[in-house]
Trainee: 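Let me begin by handing over the structure; questions about it come next.
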Amino acid sequence: EKPDGGLFTQQRLLVVANRLPVSAVRRGEESWSLEVSGGGLVSALLGVKEVEAKWIGWAGVNVPDEPGQMALTKALAEKRCIPVFLDEEIVHQYYNGYCNNILWPLFHYLGLPQEERLATTRCFQSQFAAYKKANQMFADVVNQHYEEGDVVWCHDYHLMFLPKCLKERNRNMKVGWFLHTPFPSSEIHRTLPSRSELLRAVLAADLVGFHTYDYARHFVSACTRIMGLEGTPEGVEDNGRLTRVAAFPIGIDSDRFIHALQSTQVQEHIKELKERFAGRKVMLGVDRLDMIKGIPQKILAFEKFLEENQYWRDKVVLLQIAVPTRTDVPEYQKLTSQVHEIVGRINGRFGTLTTVPIHHLDRSLDFHALCALYAVTDIALVTSLRDGMNLVSYEFVACQDAKRGVLILSEFAGAAQSLGAGAILVNPWNITEVAASIGEALNMSAEEREKRHLHNFLHVTTHTAQEWAETFVSELNDTVVEAQQRIRQ
Ligand code: ADQ
């Protein structure tokens, strides 16, 4: 039983994230159609037992008029979602600017091109002001819906200011914050002009969570080195108040994938794919088209492999599925053309009249098609330059119980810490090493593949998204109870 017994059994969870797990399309002045996205976070939170979850976030659309806002609010309420309305200027400065142009590259150790760095430095103050304003707008909506005893769980780098905004209004609110990206070394974080203000805002939370122990350690070091606070095994202490800091590695809803494999839709896709690629080994990459995913590096490594292994040229195919994201940002447009150019060159070089070595798709696949692809794959290639965790590697393992394929995994993905023993770990910057690992995977014995797969499958099916969410929420409840006990003593 939980320390706060009865309260926990009826507890409500307010999940606050930049984006709601729905996409909204306007059909008329007061009419909206909504599609719920079934990502890992959604199933994770639906699976938290004894907690009723509500979502608070931006619906991803600009709704300047009141009738439209009211109609959308009503439609979202049926999906347990509460909207935060952000206007275009705020979205531009807060979301495109501070979040995606400053924090995202910084947290993934990616430098900006020189001219952009200077431009970013110039508009830094206005973007940071918009960031704080947007976080305050999220806090206002949380406050309107908060009831005593609720747990408030803030997500990701978009909302680092939120814990402070919430606690200023109500210091008894139970507030947790979780970061889905890496937290970089303190030497990187200290280059950020608003470094201390951001850290202090996060420290207002009761519990701060990261995917890995390393990210948690980097965060604690940033607090101690940049702000002179005290780091303890439990977290960070500031003037006698402890903020608990810990690692909570996320997982996936593995049952959803395992059950889907039995469905006729997936079985039909599998049959088609097997016929299509008969006689060839299938290698797979599934990524959002983002700099952090190391897609050009992956394709260049594949080229090197083909260059050095003539035998395999017509016996292996790389399927690279890349969903475009942030398509209005020039850097992302450049990345798309770069990938297209490399793929075109390699297909021109190694293709024949009837086959090409790389099939590249710029689009998202539906869940069943994705499961089928994972199931027919012999080698998954995850070459992120940095990645908080990387759930694609988990999804691949969940769908591989029949085939027992090999996972080639970047050592810079959080998943390297959990699936490292079963995968072949690589440095994605070293394309010679990645090319060699493709050869190793293709030649790996069935026994070795079996051993590695079973190790990873056990991990993926026991460290699920539901377990992740449950552990975080229960730890947050315990942390608050312990803090109250300390104060009473
Ligand atoms: P992402 O950077 O989005 O997430 P990841 O964890 O791999 O990265 O999740 C991507 C999700 O999108 C997966 O569920 C995958 O199936 C889906 N997806 C990707 N490409 C797709 C395609 N072409 N078609 C259909 N679906 C596709 C951020 C962090 C990660 C962290 C997660 C969760 O960057 O490091 O693991 O949050 O915390």
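Just so you know, these numbers come straight off a predicted model, no measurement behind them. Read the numbers this way: they start at 1 and go in the same order the structure lists the ligands and their atoms.
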Trainee: List for me each residue that meets ring-ring contact (aromatic ring centres under 6.0 Å, His included) alongside W104, sequence neighbours excluded, and say none if there are none.
Mentor: H108, Y157
Trainee: If you take the nearest heavy atom of each of L370, L289, V286, D362, which one is closest to atom 19 (C) of ligand 1?
Mentor: V286
Trainee: Does any N or O atom in M389 lie less than 3.5 angstrom from one in ligand 1, N or O only?
Mentor: yes
Trainee: So for ligand 1, is G388 a polar contact partner (N or O within less than 3.5 Å, distance only)?
Mentor: yes
Trainee: Does any N or O of ligand 1 fall below 3.5 Å from an N or O anywhere on H211, backbone included?
Mentor: yes
Trainee: Within the 4.5 Å heavy-atom criterion, are L284 and I379 side-chain neighbours or not?
Mentor: no
Trainee: Among pairs that include at least one residue of residues 179-191, which meet salt bridge (Lys or Arg N to Asp or Glu O under 4.0 Å), considering only residues two or more places apart or in two chains?
Mentor: E187-R190
Trainee: Can you list the atoms of ligand 1 that are under 4.0 Å from a heavy atom of K293?
Mentor: 1 (P), 2 (O), 7 (O), 8 (O)
Trainee: Is W177 close to F210 at the side-chain level, that is, under 4.5 Å between some pair of heavy atoms?
Mentor: yes
Trainee: To which of D387, L365, I252 does the heavy atom nearest atom 34 (O) of ligand 1 belong?
Mentor: D387
Trainee: Between E268 and K271, does any side-chain N to carboxylate O distance fall below 4.0 Å?
Mentor: no
Trainee: Could you say whether the N/O atoms of R363 and ligand 1 ever approach to under 3.5 Å?
Mentor: yes
Trainee: Is any side-chain heavy atom of V151 closer than 4.5 Å to a side-chain heavy atom of N477?
Mentor: yes
Trainee: In ligand 1, which numbered atoms sit nearer than 4.0 Å to a non-hydrogen atom of S364?
Mentor: 22 (C), 23 (N), 24 (N), 25 (C)
Trainee: Under a 4.0 angstrom heavy-atom cut-off, which atoms of ligand 1 come close to E395?
Mentor: 13 (C), 14 (O), 15 (C), 16 (O)
Trainee: What I'd like to find out is whether the side chain of H180 reaches to under 4.5 Å of the side chain of H211, using heavy atoms alone.
Mentor: yes
Trainee: Is the distance between the ring centroids of Y215 and F183 under 6.0 Å?
Mentor: no
Trainee: Among V392, D156, V323, D287, which one has a heavy atom closest to atom 22 (C) of ligand 1?
Mentor: V323
Trainee: Minimum distance, heavy atoms only, to atom 6 (O) of ligand 1: which one of T181, D290, L391 is it?
Mentor: L391
